[in-house]
Asks: 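Dropping the structure in here first, questions after.
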Amino acid sequence: MNAKKIPLLFFILFVIIGSIMQFKGISSFNQLPSPIYGGDYYYQMGSVNHIRYGGNPFESSSMVGGIPGYLPLYGLLCAGFCNVFNFDTLHGMLYFSIVIFVVACIVWFCLFRTLFKDKWIALIGVLLANGINYYPILKYTPFTQKIMLPLFILFLYLAIKEKTMIYYALLGVIYGLLALSHTICFIGATFLILTFIIYELYKKYEINKSYGITQYMKNIVKSWGIFWIISIPITLLYWYKPLFVYHLHQTNKMLLWNVGTDWGNLKEQMRFLFDSIYTYLLNFNSSYSSILTILAWIGIYGYYNSKSDDLKNFLTPFAIGSIFATFCYFITEPLMNMHFVPNYMSSFYLSTLVILYELYGLNYLSDKLNLKNISDLKNTLIFGSIVLILLTNSVYGFNKYVDEDQWANAGKHPMSDNYVSLQKYLLKNSNINDVILSTKELGFAVNSISGRKLVVNRWAQQNDPYLDLSQRDVDASIILYGNDTKEKLNLIKKYL
């Protein structure tokens, strides 16, 4: 066999093994591995049901007139998968996770192969970024992380490198879809694009002062112009109402109460900064994390000691943009009293940046040790051993989740007969926009299994800063517990 094809064979085997393992693991689930009275997976199920049964994907899946709490791209794709293959929503979500795994493996492999020009490095990158231990994926956030983010990075790299209209156009499509996939990832992507534009402008100025800037401004109008022309209409499918109806005015200050950290507190800001440094650059808690930490430092060293090339020229603004997007709360909190959920931003961009430096370190070692020019057998043994170690760790993590996780084990039990019966009744006898009044947790469960709308819901998953959720809570209390019949009837009419 041609030695150059061996990494591809390993890649195919990993995809097959991962798919089979995931199928075996999720086949034991009789309900979602999540609490039905407030779990994220169940709210996502409500979003999928909302779309499946005729709801507008660009409106809230749980309250009439609201915006989507969970952005609609994952829900649209999953609902389409369920309908095409005639799955109920539970099994559709579970089996769609396998589709996500296969597609994500291909996307990450293409990204790392394009960046490092080496199939072994690309394969190892796939295991680091998309190991089976990250699955099952049953929610829009990890879907964005595993598919949309690497697609964005891939086409950003190709657009910056090749300077062709087709790549700017494709980047525009992916950027627009990011706006429908996850708000924080989309905002981070915006920071990155602006960073690349400023960085390239600086480089042009450094080379040829004002003439370089003039020429680059013409390029911005031409290349980035097509990008914005394509991306803006797609982004407005979601962002039109927040921008032009609500004018970004938040009724309930969601960024203050819907996060677990006071990001305006300097102590908390510094704690997150140092925790991030420790997590990504000083993590020696296990032999596995120690090896990755050492590789990251080798990558940083190799980056500063390598000659300039396309990858290095891309990594510089990518690193600057990722770090700024994550830690910009040092600026935005005192100036605007706002942040962009730094822990989420870190999980999207800093974690990816560190993987890139780990692979850079491995590639740097490979070049310095001349591993690419040794015999095919030795090359396969060295890189194959690394792949097997990573695969073993990934498989162990997945098996541990399926066997030991509290909610994974809860998911192996059948759903309550009461909810199965209620689901059948609601799907048969109600409309997708019919409104149900109950307490928050019970209403949450009803919405999850049916996609029907609510008067009140858990604020955490509602994720809508523009609806007056406090007033809804008051209205529901009056209807349920008040003694003014006329007022109660008026409020009921308000939500019909």
Side-chain angles (χ1 to χ4, degrees), residues 35-40 42-72 75 238 240-259 337 416 418-496:
I36 193 171
Y37 297 114
D40 288 352
Y42 271 102
Y43 189 77
Q44 185 69 75
M45 175 186 271
S47 302
V48 175
N49 278 323
H50 163 75
I51 296 170
R52 287 196 71 185
Y53 298 110
N56 184 343
F58 302 106
E59 293 184 356
S60 171
S61 62
S62 52
M63 288 185 178
V64 174
I67 62 172
Y70 284 9
L71 267 62
Y238 169 81
Y240 178 83
K241 285 182 73 174
L243 289 172
F244 300 110
V245 176
Y246 301 116
H247 307 293
L248 296 180
H249 174 69
Q250 296 187 23
T251 302
N252 53 54
K253 305 298 181 184
M254 190 179 75
L255 285 179
L256 295 180
W257 58 261
N258 199 23
V259 293
N337 192 32
S416 166
N418 294 335
Y419 280 117
V420 173
S421 176
L422 178 61
Q423 181 183 47
K424 290 178 181 178
Y425 177 85
L426 289 174
L427 294 180
K428 182 179 180 180
N429 297 286
S430 64
N431 181 274
I432 191 64
N433 288 319
D434 284 346
V435 181
I436 295 168
L437 173 62
S438 184
T439 59
K440 290 186 178 184
E441 279 69 25
L442 289 174
F444 181 95
V446 170
N447 169 258
S448 299
I449 62 176
S450 67
R452 272 46 180 175
K453 305 306 168 285
L454 307 171
V455 176
V456 293
N457 189 26
R458 286 171 52 85
W459 288 25
Q461 281 87 6
Q462 191 62 40
N463 268 356
D464 191 335
Y466 309 111
L467 284 180
D468 193 342
L469 300 179
S470 297
Q471 187 60 52
R472 282 175 168 262
D473 289 353
V474 171
D475 292 345
S477 297
I478 292 172
I479 297 171
L480 289 172
Y481 311 115
N483 54 19
D484 187 336
T485 303
K486 183 178 178 180
E487 177 65 13
K488 293 170 75 168
L489 290 173
N490 287 334
L491 288 173
I492 289 172
K493 290 177 183 178
K494 176 181 176 180
Y495 292 104
L496 287 178

Asks: Any heavy-atom pair between the side chains of Lys453 and Ser60 that's under 4.5 Å?
Replies: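 In short, these two side chains do not touch, never coming nearer than 4.5 Å.
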Asks: Does the side chain to side chain contact (heavy atoms under 4.5 Å, CB included) test come out yes or no for Gln471 and Val474, once each step is laid out?
Replies: CA-CA 5 Å; Gln471 187 60 52; Val474 171; 4.1 Å; yes
Asks: Report the C-alpha distance between Arg472 and Leu454 in whole Å, list the side-chain angles of each, state the deciding distance to 0.1 Å, and finish with yes or no for side chain to side chain contact (heavy atoms under 4.5 Å, CB included).
Replies: CA-CA 10 Å; Arg472 282 175 168 262; Leu454 307 171; over 6 Å; no
Asks: Treating Glu441 as the side-chain partner and Tyr37 as the backbone partner, does any N or O pair qualify as donor plus acceptor under 3.5 Å?
Replies: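 Not a single qualifying donor-acceptor pair exists.
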Asks: Judged by atom type as modelled, is there a donor-acceptor pair below 3.5 Å linking the side chain of Asn447 to the main-chain atoms of Phe444?
Replies: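 Answer holds: no.
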Asks: Are Trp459 and Ser470 side-chain neighbours, meaning at least one heavy-atom pair lies under 4.5 Å?
Replies: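 Trp459 vs Ser470: side chains touch.
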Asks: For Asn463 and Pro68, indicate whether the former's side chain and the latter's backbone hold a donor-acceptor pair under 3.5 Å.
Replies: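 Such a contact is absent between Asn463 side chain and Pro68 backbone.
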Asks: Is any side-chain heavy atom of Val446 closer than 4.5 Å to one of Leu442?
Replies: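 Answer no - side chains too far apart.
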Asks: Return the minimal non-hydrogen interatomic distance between Met45 and Ile449, and the atom names on each side.
Replies: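 Smallest interatomic distance, heavy atoms only, reads SD-CA, 4.5 Å.
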Asks: Under the criterion side chain to side chain contact (heavy atoms under 4.5 Å, CB included), I'd like the reasoning laid out for Leu248 against Tyr466: C-alpha separation, chi angles, the key distance, then a yes or no.
Replies: CA-CA 8 Å; Leu248 296 180; Tyr466 309 111; 3.6 Å; yes
Asks: Report the distance from atom CD1 of Ile67 to atom CD of Gln462, rounding to the nearest 0.5 Å.
Replies: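 Spacing of CD1 (Ile67) from CD (Gln462) equals 9.5 Å.
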Asks: Is the shortest side-chain heavy-atom distance between Ile436 and Val455 below 4.5 Å?
Replies: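 The answer is no, as the side chains (C-beta and beyond) never meet within the 4.5 Å cut-off.
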Asks: Let me confirm one number: the OG1-CG distance from Thr251 to Leu469, rounded to the nearest 0.5 Å.
Replies: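 Between atom OG1 of Thr251 and atom CG of Leu469 there are 8.5 Å.
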Asks: Would you say the side chain of Tyr43 lies within less than 4.5 Å of the side chain of Ser61, judging by non-hydrogen atoms?
Replies: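 SC-SC contact between Ser61 and Tyr43 confirmed.
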Asks: To the nearest 0.5 angstrom, please state how far the CG atom of Asp464 sits from the CD atom of Gln250.
Replies: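 Taking CG in Asp464 and CD in Gln250, the distance rounds to 10.0 Å.
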Asks: Kindly compute the distance separating OG (Ser47) from CG (Leu71), expressed to the nearest 0.5 Å.
Replies: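 Going from the OG atom of Ser47 to the CG atom of Leu71 covers 10.0 Å.
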Asks: So, His50 side chain and Asn56 main chain: donor-acceptor pair closer than 3.5 Å or not?
Replies: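 Yes: the side chain of His50 pairs with the backbone of Asn56.
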Asks: Can a donor-acceptor pair be found, under 3.5 Å and without considering hydrogens, that links the side chain of Gln461 to the backbone of Gly38?
Replies: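 Yes, Gln461 side chain to Gly38 backbone: donor-acceptor pair under 3.5 Å.
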Asks: State whether the number of non-hydrogen atoms from other residues, nucleotides or ligands found under 6.0 Å of Asn483 atom CG is greater than 12.
Replies: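 Count not over threshold, so no.
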Asks: Hey, does Phe58 have a side-chain heavy atom less than 4.5 Å from the side chain of Pro72?
Replies: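 Side-chain contact under 4.5 Å: yes.
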Asks: How about Asp475 and Lys494: do any of their side-chain heavy atoms sit closer than 4.5 Å?
Replies: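 When only atoms from C-beta onward are counted, Lys494 and Asp475 do touch, with a gap below 4.5 Å.
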